[in-house]
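What you see below is based on every heavy atom in this structure, not just the backbone, and it leaves out hydrogens, waters and symmetry mates. Lettering follows sequence order; numbering is per chain, from 1.
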Amino acid sequence: MLDIQLIRKQPDDVKRRLNQRGTDYTSVIDEILSIDEQRRLAETERQKLQSDRNRISKEIGIAKKNGQDTSAIEAEVRGIGTRIDEIGREADALDVRQRDIMLGLPNMPHEACPVGASSEENPEVRTWGSKPDFTFQPKDHISLATSLGLIDFEAGIKISGSAFIVYRGQGAKLERALLNFLLDLHTTQHGYTEVAVPHLVKPECLVGTGQLPKFDDQLYKCERDNLYLIPTAEVPVTNLHREEIVATDKLPIKYAGYTPCFRSEAGAAGVGTRGMIRMHQFDKVELVKITTPETSFAELEDLTADAEKVLQLLGLHYRVIELCTGDIGFGSTKTYDIEVWAPGQNGYLEVSSCSNFGNFQARRMNLRYKPEGEKKTVFCHTLNGSGTALARLYVALLETYQQADGSIAIPPALQPYFHAEKIG
RNA sequence: GGAGAGAUGGCUGAGUGGUCGAAAGCACAUCUUUGCUAAAGAUGCGUAGCCUUACCGCUACCGAGGGUUCGAAUCCCUCUCUCUCCGCCA
């Protein structure tokens, strides 16, 4: 959520920066300002009336003690009460309306965020490694995983429908090995605390991280219990500190957590959904940081490097791109995507998206800290990035390490977890 | 699922209709004094909003939401959560 004070003070600046996303927010900001002004007028009036009522009610109390008749003055206060109800309803309605609009408003891209209209204009920041050469025609992960019996695509469809898969045998073990490798790397080498969190969350958590109210159709919901399946561990992990004033010496807080992720992917069916590249359920290790405003952008660089380390250790070629203003996510102010090379796709797959949300999420979940020597609390900055998504990492691994005889080599870093040098 | 108890400021914990935003203690901050790895005293110390250049001031908040009343932490209703016991269960 944006700061209403900032919108009031620098509306043109806010409009300019939001409009860089490629949508015109001019009229929305004007509407917010108009509602805000009406709201404050009503609020001031209400408070004045409440003040009157408090004062007179106290006088009544005193008069009654002295045995005086107060019926006339009580009638007067009753009238004030009626007016408080009226003006109060108006103020509350305006407040709700203002909040609803504010919750639907995206974050402002950072000033340094590259301006662009779409993903076409995302600049490449750096690359690591190179595309592997094959002496044979490389296969894609679908045929590799099927012929080696690692993944049963039909079984996934049978029990849950399309875009669900079943890992079997060595295939299931490979997924488990990757998970352990990732969690161990981040917790022992990068200083993250491992957390295992619920996979079902209350709606307010999703409001906190920004998925609600706007992206309700992308989520699986358990209607009867009013709980949602998490689309990413970002939601429960960041919300661990919702409504808190965290101690300054605890910052930065760094969490690594594995969870499955559930996404309905409404409207995403069709192109690019074959195999295991886009699924309704996939595993992911997520990195989350809660920091002070001063350090968040440096922490973003570190977080991205932590995610890159995964691909480096596994020997997978990748590139890092920065998302331009037209492609950046709803709550983010700056985002790096890490894309791994998948030979069977002849293309790059996004395995991590590392973002700094500034205080956008912190405002929504009221997450603050009190700086040393300051009286006022300040909103924290929140960051997260995949470290990394498992399914696409799995794809890149199979396709990169496939051998001429159809087997899959296991990179050395993963062997202590997989307990074998190859599959097949 | 059944029965009971509870929810007050960073913590402990008073407060059952009228200067209660809330006693007291602890913790914390500043200062003073005595001194030496501490003690005593003084003062301050919740959050948010409105109004203000600022100061001042005002309003709301005692789990949440309604209600009664001139006036609610306090009375009534609904809900949520926590704890204890029973049942069921991986």
Partner set under salt bridge (Lys or Arg N to Asp or Glu O under 4.0 Å) for A:K58, not counting sequence neighbours: none

B:G2 and B:C61, which share atom name C1', separated by this distance in whole Å: 36 Å

Protein-nucleotide distance (A:K64, atom NZ; B:G71, atom P), rounded to Å: 11 Å

Residues A:D85 and A:R89 bridged, charged N to O under 4.0 Å: no

Partner nucleotide of B:U16 by Watson-Crick or wobble geometry (both distances under 3.5 Å): none

Whether A:H190 and A:H186 hold their rings parallel, tilted or perpendicular, with breakpoints at 30° and 60°: tilted

Distance, P atom - from B:U16 to B:G21, rounded to whole angstrom: 16 Å

Base paired to B:A72 (Watson-Crick or G-U; both N/O distances under 3.5 angstrom): none

side-chain hydrogen bond (donor to acceptor under 3.5 Å, both in side chains), paired with A:K334, selected from A:E322, A:E111, A:H110: A:E322

Length of the line joining A:I60:CD1 and B:G71:P, which is rounded to integer Å: 8 Å

Any strand: nucleotide that pairs with B:U59 via Watson-Crick or wobble, under 3.5 Å: B:A48

Pairing of A:K64 and A:E74 as salt bridge, 4.0 angstrom limit: yes

Atom pair distance, as rounded to whole Å: CG in A:N226 and P in B:C81: 11 Å

Mate of B:G65 where both pairing distances stay under 3.5 Å, Watson-Crick or G-U: B:C77

Annotated protein contacts, base or backbone, on nucleotides 50-59 of chain B with a non-hydrogen cut-off under 4.0 Å, one of B, S, - each: BS------BB

Opposite nucleotide pairing with B:A90, Watson-Crick or G-U, both atom distances under 3.5 Å: none

Atom C1', compared across B:A3 and B:U8: separation rounded to whole Å: 27 Å

Whole-angstrom distance between B:G44 and B:G4, as gauged at atom C1': 43 Å

Distance, C1' atom - from B:C83 to B:U69, rounded to whole angstrom: 35 Å

Test: A:D30 and A:K15 ion pair at under 4.0 Å: yes

Complement of B:G4, any strand, by Watson-Crick or G-U distances under 3.5 angstrom: B:C83

C1'-based separation of B:G15 from B:A73 [nearest Å]: 8 Å

First of A:K58 and A:A75 reached from the 5' end of RNA chain B, by closest nucleotide: A:K58

Aromatic ring pairing A:Y220/A:H280, orientation class (parallel under 30°, perpendicular over 60°, tilted between): perpendicular

SB check A:D13 A:R16 (cutoff 4.0 Å): yes

Interatomic distance at P, B:C85 relative to B:G46, whole Å: 39 Å

C1' gap between B:A23 and B:G13, integer Å: 10 Å

